[in-house]
Each structure stands twice: as structure tokens, then as C-alpha cells.
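Numbers restart at 1 for each chain; the letters A, B, ... are given by sequence-line order, proteins then strands. This one's a predicted model, so the numbers in the text were calculated from it and none came from an experiment.
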Number of protein chains: 2
Amino acid sequence: MKLDSEHLEILAAIVEQGGLTEGAEALGKSQPSVSRSMALLEARIGLPLFEPGRRPLRPTELGASLARLGSRIHRANKEASLLVQRYRQGLAGRLRVGGSPIFMDGVVASMIAEFQSRHADVQIDQSYGYLNQLEAGLRNGGLDVAILPLHPGQVPPDLEFTPLLGGNNVIACRAGHPLTRTRGITLNHIAPYAWIAPPADSPLYRDLQRSLKSIGQEDFRVNFSGGTLASIQSVLTGSDALTVLPYSVVFLSRRTIPLEALPLKIDHAERQLGILRVSDRQLPPAVRQLTGFLLTECQRLQARMDHDQQITRRRG
Amino acid sequence: MKLDSEHLEILAAIVEQGGLTEGAEALGKSQPSVSRSMALLEARIGLPLFEPGRRPLRPTELGASLARLGSRIHRANKEASLLVQRYRQGLAGRLRVGGSPIFMDGVVASMIAEFQSRHADVQIDQSYGYLNQLEAGLRNGGLDVAILPLHPGQVPPDLEFTPLLGGNNVIACRAGHPLTRTRGITLNHIAPYAWIAPPADSPLYRDLQRSLKSIGQEDFRVNFSGGTLASIQSVLTGSDALTVLPYSVVFLSRRTIPLEALPLKIDHAERQLGILRVSDRQLPPAVRQLTGFLLTECQRLQARMDHDQQITRRRG
DNA sequence: TTGTAATATCGCTTTGCGCTATGAAACTGG
DNA sequence: CCAGTTTCATAGCGCAAAGCGATATTACAA
């Protein structure tokens, strides 16, 4: 025999409020309604839930015990409502974010940290990948959003791309590197130094090739390759090697790590860091929250970078 | 917004069983029924509970979270059903038993212990009182049953009395008391000894008076009075004092305490130990269980006492 | 006893669950 | 890639029960 959970919740309200009328009021129902519900419940279990002939309705032993269980049910139900509410507002849920390694480590991760400090109940699963993997992840539902640098013409038709930041690359070196004291850097100045390269299959590696080609350096010596941003930063600061990194990554890294960008214009791929997602699918509200958050954070970052570059340019 | 607990339980079943069809089967409902329930729930919360376009229906993050809560609700509900079932069979509940002190301590308590070892979830509240208090307790619902010695003509019309045991009293003394070695005891043999009396307001005290009067002893010296059975037993075994006790109490006490009943016929009040309860009120099933249990236990006890007395009579 | 407050009952409408039958969509194995 | 199979959704219909206001009944209090 299955009892109606709703009935048990009503019973709990009556017992807690000390009377049927008050219970009905607390539940937002009419008095006859709850009276009949209790009559039904009593009829089904075939045992009295209330002492007979007592006016401020008092539960029997059985009634009180069932009321305790009803109360438990009520709490679980309320928690469910709350969960839905928070989920609706993007304050709860799980978010699967994939992205290109350097940008995720150098730019996005710290912003996600900030986001999570405001939305404690949003669980974020971060993963790394390049365009193909990320696309696949988005399409098969393994990812909610992807964050990566992309050329506007590169966006697949079934996906939607929201730009966040300019994606221009710079040549980076440790602070205090000999080249930072050199005025009017040319290819000749750079030629002696070894290079740190990202994994050979990454877009950033192709950027590196292209950048060096754009300044006339066809072949280059790779000193270290394949590491994540943390490794690159370590090697960079511990040696005189050079590398190509997005300017935003260098900019943010400088807060804690002694890096500099060489004032040497290099060709870059007209890509922008942005958020890629499936266009028609309805996304969890937390995704919208994160998207909006990253957008404003990146706007602020862009403004700071622009400001900084103007000063550097005036000084340099 | 209030969610339907039933819907959450259904969701839990679907998630646990790994599919809507299996979930429906587990719930004993038809597949279309649970499908529509889920559609309703989804429509109410306005967010998807299942990944779209997946055939073995897979929950979204929100769906999985709600399913966990639904499972909690289901457990509470099942527990409620179980409670009702056990309560129906008299295996659970609270039982308020009142009774006259000597019989409760000397006869009923040990039987209740045995009852509880078989019905672990029946909680018993025992209290003491005489007829008037017990009647009041039964009528105002403070007691479920009362156990006391009563004359058949004494039973109030709105109450019902079930006899358990003969209520005849005997004169009791310690084992090895000088009188136990005396043949053909008369009033003269008894006269020198002091008496232990129950509280002066108790029926047993009036029994004592009446008993002694019936054997011709009009005035008697009271050595000790007012104690419960345990005190009486202690004083009795530690002195040569005499007292009047129900034979059943002496019989059962002998298992652990060196007492004896003097082979002297005394008048007794034609009362019987029995169970008194309100006649029209529907009692908790556990009461019926206890009533039945006490009835058979007392029958066995009566048989043992009869047997024992035959032997004693043959010997004496 | 009488007035008051609490509960039960009545009549009615609406909601939603139960079922069967059937359509649509996704998976599976060649 | 194509049929067959499985899985889920929808439609239509009857019924149980929740909702309400109005009203009768009953316990408590003064």
C-alpha cells in the first residue's frame, strides 16, 4: 500500500501548527480541503491519525510518527524547489568548459576562479582541446561551451561564436632579458636565441612558425616544447629563450611572473579569443551567467591592455 | 513553486532504472503515464530534465540532482508505509499501561519484558494507580489499558473488563519462618508476629484488614508500611513479619526471593486480576497484541499455580 | 447553557492520473 | 546506409481526487 506523500506533508503541517485550520492556512489551502485529505488518508490506512473528539485536533501516536516522516518529505521537496530556483538563476549546476590550453591557463582560469567565488554552487569541469575536439565535444553534449581563439570565417555554421578578446600574439621573454634593453630590435638581434615552442600540433605552434616567418626568420632552434603554460613560464624565466604567446597571457602573467613582451610587431592570424557554443540548444542558465561574466571581465581586461600599450608605446 | 513529490519519485525511478520504460515497470505504472508525468514536471520547472534526443533517456545535471531528492522522498514514503503496516500488526507504537502497584511489579512487569523482547518497536509507558485514577486515565485518553484486581460487579458500565488471573490473597512470610514448620496454624500461632502493610489508601490494605478479621484477628501491629513490592519483599525476607499478598505475586517472587505462603485459608474479595479498557474506543493494535499475550501468559501461570497448590495440599 | 471556534460534510468544477492504441524518433546489426 | 527493433511521446477517454464556498456539526469556554 502506497501512501500519498502530499497527504503526509499535510499531516505534518497540521501537527506542527497544532491544528487543522492553522495547518491549512500554513499550506495555503482551504480548511475543507485539508480536512478531506486527512479523512482520505485515515480511510486508506484504516487507523485513526487523530484522537477522536478533541477540538484542537491532536495526533495519535501513529499520526505523530507519520507526521515526522511527512516533515522529512516536506524538507526534501522544499530543497528540490530551491534547487530548481537556484538552477534557473544560474546559481547552481555543473558546467563543462573546454578550451585551448594556453588561453585557459593564462586568461580564463583566473576569471573562472572569480566566477566561482560568487557562484559557489556551480561546479565547473574544465578540459583542454583544440578546435576539432572542442567542436566534437559541443556537438555530442560533452561540453557546454568552448573557449578558444578563432578566425571569424572559421566558425562552423551550426555553432555560435562570441568574441571576448583580441588574439594578437607577441614575442615574450623573461624580464631583464638582454633584448629588453635593445632599441630598434631587428631579426639580427633575435637570431641567436633559442625558442620555446608549444606542442607541434597546436595552433600556437603554427602561429609561432608564421610569426617568425613574418619577420624573416625561416628556421629557428627549439629549446623546449610541449609544455603547458606553467612549464613555458618556468623555462622562459629561467633562461634567455624566447617564445610566442598571446599578449593577454603575457599581460596577465606579469602580475606574478617576470615576463615581458618585446616591442616587435609580428604578424598574427586575425583571430579572437571567444566562446563557442551550439547555436540552437538550450543551455543551462549557469552557462549564460558564465558567458556574461567572461564578457565583462574580458572587456575590462581589454581596456587595461589598451591603456597599458599606449603608455608603453609612448615610453618606447 | 511547489513540485509534486510523486513526480520526483517517478524521476528517481527512471534515473535509477536507466530508462523510462524500466522505470515505469518498476513503479507498476504504464509507460505513457510516467512519460506524461515527466512532461508535466519539465513543463512546470521550465528546464529540461533529460538530454534531448537520447534514446535510453539520460538525465541532465538538474534531472540527476532532483532524482536524488526524489529518491530521498521515496525512502521516507516507503518507511511510512512500513510503519503503518507494523502498526497494524501491533508490532509498533506506544502503549500506556496503568495498574495497581503490587500486581504490576509482581506479575505484569516480567510479562511485559517478555512481550517487548518479541515486539521490539512497541514502546511501553507504565504508570501506577488505583481504580479511580485508572478509570480517569482511561476515559481522558491518558491510558490505553489498566491492569488491576476488580470485582465483577465493580466494573463501570462504559468500561470493559477481561479477567486474567484469580485474585486470591495469602499470608506471606520469609522462607524458613517459624510458622512454616507449624502444623495446623491457628490465630494463636499468628498473633505474636508484626505485620507489613501496603499504603493505607490501597485496596490491598483493606484486603489485609478484612483477611485478618476473617480469621478473627481484629487488631494487629504494623511494622512497616507504604513501600512498593521490592521494599515489602526485602523487609519480609529480613524479618519474621507477615503480610498479605496475592498468591500469584508470592508464586512468581519465589523464583528469586525466599518467600512462602502460609497454608491458612483467608477470606478474599472475589476479585480477579484483569484488564480494564474503554469499551467503544478503537484501540491501537498493539493493545490487542498485549492483551492477547497477557491472557495466554496468565493462563499458563494459573495452570502452574493450580498444579503447585495440588502438590502442596497433598504434602501439607 | 449559550456563544464561539474548530472541524466535518456537501455540491460543484477543474486538474491530472490511469489506461490502450498509435505515431515518431533513436539505436543496432548487418 | 538501411531495415528492424527498441524507446519514448501523443491522443483520447474515464475516473479519482483536489480545489473552492456554503453550511452543518461538535467540542470547548465562559
Side-chain angles (χ1 to χ4, degrees), chain A residues 1-45 48-60 63 67 70 73-74 77 139-141 280-281, chain B residues 1-45 48-60 63 67 70 73-74 77 139-142 278 280-281:
Chain A
M1 177 207 39
K2 176 98 161 56
L3 306 177
D4 189 334
S5 295
E6 179 77 11
H7 288 171
L8 295 176
E9 287 186 60
I10 293 175
L11 174 62
I14 292 173
V15 172
E16 278 166 21
Q17 303 292 323
L20 187 143
T21 309
E22 294 91 324
E25 195 160 351
L27 290 166
K29 296 178 194 286
S30 71
Q31 173 266 319
S33 181
V34 317
S35 174
R36 200 163 31 131
S37 291
M38 287 304 93
L40 248 164
L41 182 58
E42 258 184 342
R44 284 194 198 161
I45 68 182
L49 294 170
F50 297 96
E51 308 276 357
R54 300 296 280 270
R55 238 340 111 89
L57 222 51
R58 250 188 20 203
T60 59
I73 291 177
H74 182 68
N77 190 301
R139 293 208 179 85
N140 70 23
D280 55 352
R281 183 180 305 164
Chain B
M1 176 209 42
K2 175 95 161 58
L3 305 177
D4 189 334
S5 295
E6 179 76 12
H7 288 171
L8 295 176
E9 287 186 59
I10 293 174
L11 175 61
I14 293 173
V15 172
E16 279 168 18
Q17 301 292 323
L20 188 142
T21 309
E22 294 92 324
E25 194 160 353
L27 290 166
K29 297 178 194 282
S30 71
Q31 172 267 317
S33 181
V34 316
S35 173
R36 201 171 26 152
S37 292
M38 288 303 93
L40 250 163
L41 182 58
E42 258 185 339
R44 284 192 197 162
I45 68 182
L49 293 170
F50 297 96
E51 309 275 357
R54 300 296 280 271
R55 238 343 106 91
L57 222 49
R58 251 195 8 211
T60 60
I73 290 176
H74 182 68
N77 189 300
R139 293 209 179 84
N140 70 22
V278 181
D280 55 352
R281 184 179 303 165

Below 3.5 Å, can you tabulate the donor-acceptor pairs from side chains in residues 25-34 of chain A to any protein atom, sequence neighbours excluded?
residue: A:K29; atom: NZ; partner: A:E6; partner atom: OE2; Å: 3.4
residue: A:S30; atom: OG; partner: A:S33; partner atom: N; Å: 3.3

Exercise. Does OP1 or OP2 of D:dA18 have a side-chain N or O of A:K29 closer than 4.0 Å?
Worked result: no
Seminar exercise, completed: Expected list for residues 12-25 of chain A near DNA chain D, using heavy atoms below 4.0 Å, is none
Exercise. Can you check the B:D4 CG to D:dA17 P distance for me, whole Å?
Worked result: 14 Å
Exercise. What is the bend of the helix from C:dT1-D:dA30 to C:dG30-D:dC1 when you compare the axis at one end with the axis at the other, using five pairs each and rounding to 10°?
Worked result: 50°
For this session: Output the distance between atom CG (A:L11) and atom CG (A:D4), rounded to the nearest 0.5 Å.
Result: 12.0 Å
Exercise. Got a donor-acceptor contact below 3.5 angstrom from the B:N77 side chain to the A:L3 backbone?
Worked result: yes
Exercise. Atom CE of A:M38 and atom CG of A:L49: how far apart are they, to the nearest 0.5 Å?
Worked result: 7.0 Å
Problem set entry | Nucleotide D:dG14, atom P - distance to CZ of B:R36 in whole Å | 14 Å
Problem set entry | Pairs involving residues 34-45 of chain A, ordered by first then second residue, that meet salt bridge (Lys or Arg N to Asp or Glu O under 4.0 Å) (sequence neighbours left out) | none
Exercise. Just how far is it from atom NE2 of A:H7 to atom CG of A:L40, taken to the nearest 0.5 Å?
Worked result: 5.5 Å
Exercise. Taking CE from A:M38 and C1' from D:dA17, how many angstroms apart are they, rounded to a whole number?
Worked result: 13 Å
Under 3.5 Å, which protein N or O atoms sit close to an N or O of nucleotides 21-30 of chain D? Give each pair with its distance.
residue: D:dT26; atom: O2; partner: A:R55; partner atom: NH1; Å: 2.6

Seminar exercise, completed: Interatomic distance, CZ@A:F50 vs CG@A:L20, rounded to 0.5 Å, equals 7.0 Å
For this session: Walking along DNA chain C from 5' to 3', note the first and the last nucleotide with an atom under 4.0 Å from a heavy atom of chain B, and give both.
Result: C:dG16 to C:dC27
For this session: Considering non-hydrogen atoms only, spot the tightest contact between A:T60 and A:P48 and give its length.
Result: OG1-O, 3.0 Å
Exercise. Say you draw a straight line from NE2 of B:H74 to OG of A:S5; how long is it, rounded to the nearest 0.5 Å?
Worked result: 9.5 Å
Exercise. For the pair made of NZ in A:K2 and P in D:dA16, what is the distance, rounded to whole Å?
Worked result: 19 Å
Exercise. Heavy atoms under 4.0 Å, any strand shown: does A:R58 hit a base, just sugar-phosphate, or nothing?
Worked result: nothing
For this session: Look up atom CG in B:L8 and atom CD1 in B:I73, then write down how far apart they are to the nearest 0.5 Å.
Result: 5.0 Å
For this session: May I have the distance from B:E6 (atom CD) to D:dA18 (atom C1'), rounded to whole angstrom?
Result: 15 Å
Problem set entry | Contacts of A:E16 that satisfy side chain to side chain contact (heavy atoms under 4.5 Å, CB included) - sequence neighbours left out | A:A12, A:S71
